[in-house]
Student: 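For reference, the structure I am asking about is given below.
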Amino acid sequence: MDDLKIKGNWNEIKGKLKQKYGELTDDDLSFVEGKEDEFFGKLQKKLGKTREELAGEIKKWLN
């Protein structure tokens, strides 16, 4: 996933994730550059989705 696109659109992506998955907190959605694996791991554990499923959702919102 393109880190620059994520950083530039992060507030929008974060809002969409919170709308779709109401159980997510701001802590769950803290994206730190260079720690993408940790970020996706947290989401996978909380939502029970694969990294590919989550990345696919985010990519849709970036286009």
Student: Could you grab the distance from atom CZ of F39 to atom CG of L29, nearest 0.5 Å is fine?
Tutor: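 The CG atom of L29 is 5.5 Å from CZ of F39, to the nearest 0.5 Å.
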
Student: Over all heavy atoms of both residues, which pair between Q44 and R51 is shortest? Give the atoms and the distance, please.
Tutor: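 Here Q44 and R51 meet closest at NE2-N, 3.3 Å.
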
Student: Would you give the length of the straight line joining atom NZ of K35 to atom OG of S30, rounded to the nearest 0.5 angstrom?
Tutor: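 The NZ atom of K35 sits 9.5 Å away from the OG atom of S30.
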
Student: How would you list, by chain and number, every residue that makes a salt bridge (charged side-chain N to carboxylate O under 4.0 Å, His left out) with D27, sequence neighbours excluded?
Tutor: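 Not a single residue meets the salt bridge (charged side-chain N to carboxylate O under 4.0 Å, His left out) criterion with D27.
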
Student: Would you call L24 and L43 a side-chain contact if the rule is heavy atoms closer than 4.5 Å?
Tutor: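 When only atoms from C-beta onward are counted, L43 and L24 do touch, with a gap below 4.5 Å.
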
Student: In sequence, state the C-alpha distance, the side-chain angles, and the governing distance for Y21 and D28, and then conclude on side-chain contact (heavy atoms from CB on, under 4.5 Å).
Tutor: CA-CA 11 Å; Y21 304 105; D28 294 326; over 6 Å; no

Student: Between K46 (side chain only) and E23 (backbone N and O only), is there a donor and an acceptor less than 3.5 Å apart?
Tutor: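 Yes, the answer is positive, given that a donor and an acceptor are paired below the 3.5 Å cut-off.
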
Student: Decide yes or no for F40 and I58: does some side-chain heavy atom of the first lie under 4.5 Å from some side-chain heavy atom of the second?
Tutor: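 F40 reaches I58 side chain to side chain.
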
Student: Only one of E12, K14, K20 passes side-chain contact (heavy atoms from CB on, under 4.5 Å) with K16; say which it is.
Tutor: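 With K16 as partner, E12, K14, K20 yield a single side-chain contact (heavy atoms from CB on, under 4.5 Å), made by E12.
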
Student: Which value, rounded to the nearest 0.5 Å, describes the distance between I13 atom CD1 and K59 atom NZ?
Tutor: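 Separation between the atoms: 12.0 Å.
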
Student: Listed by chain and number, what are the side-chain contact (heavy atoms from CB on, under 4.5 Å) partners of T50, not counting sequence neighbours?
Tutor: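 side-chain contact (heavy atoms from CB on, under 4.5 Å) list for T50, sorted by chain: E52, E53.
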
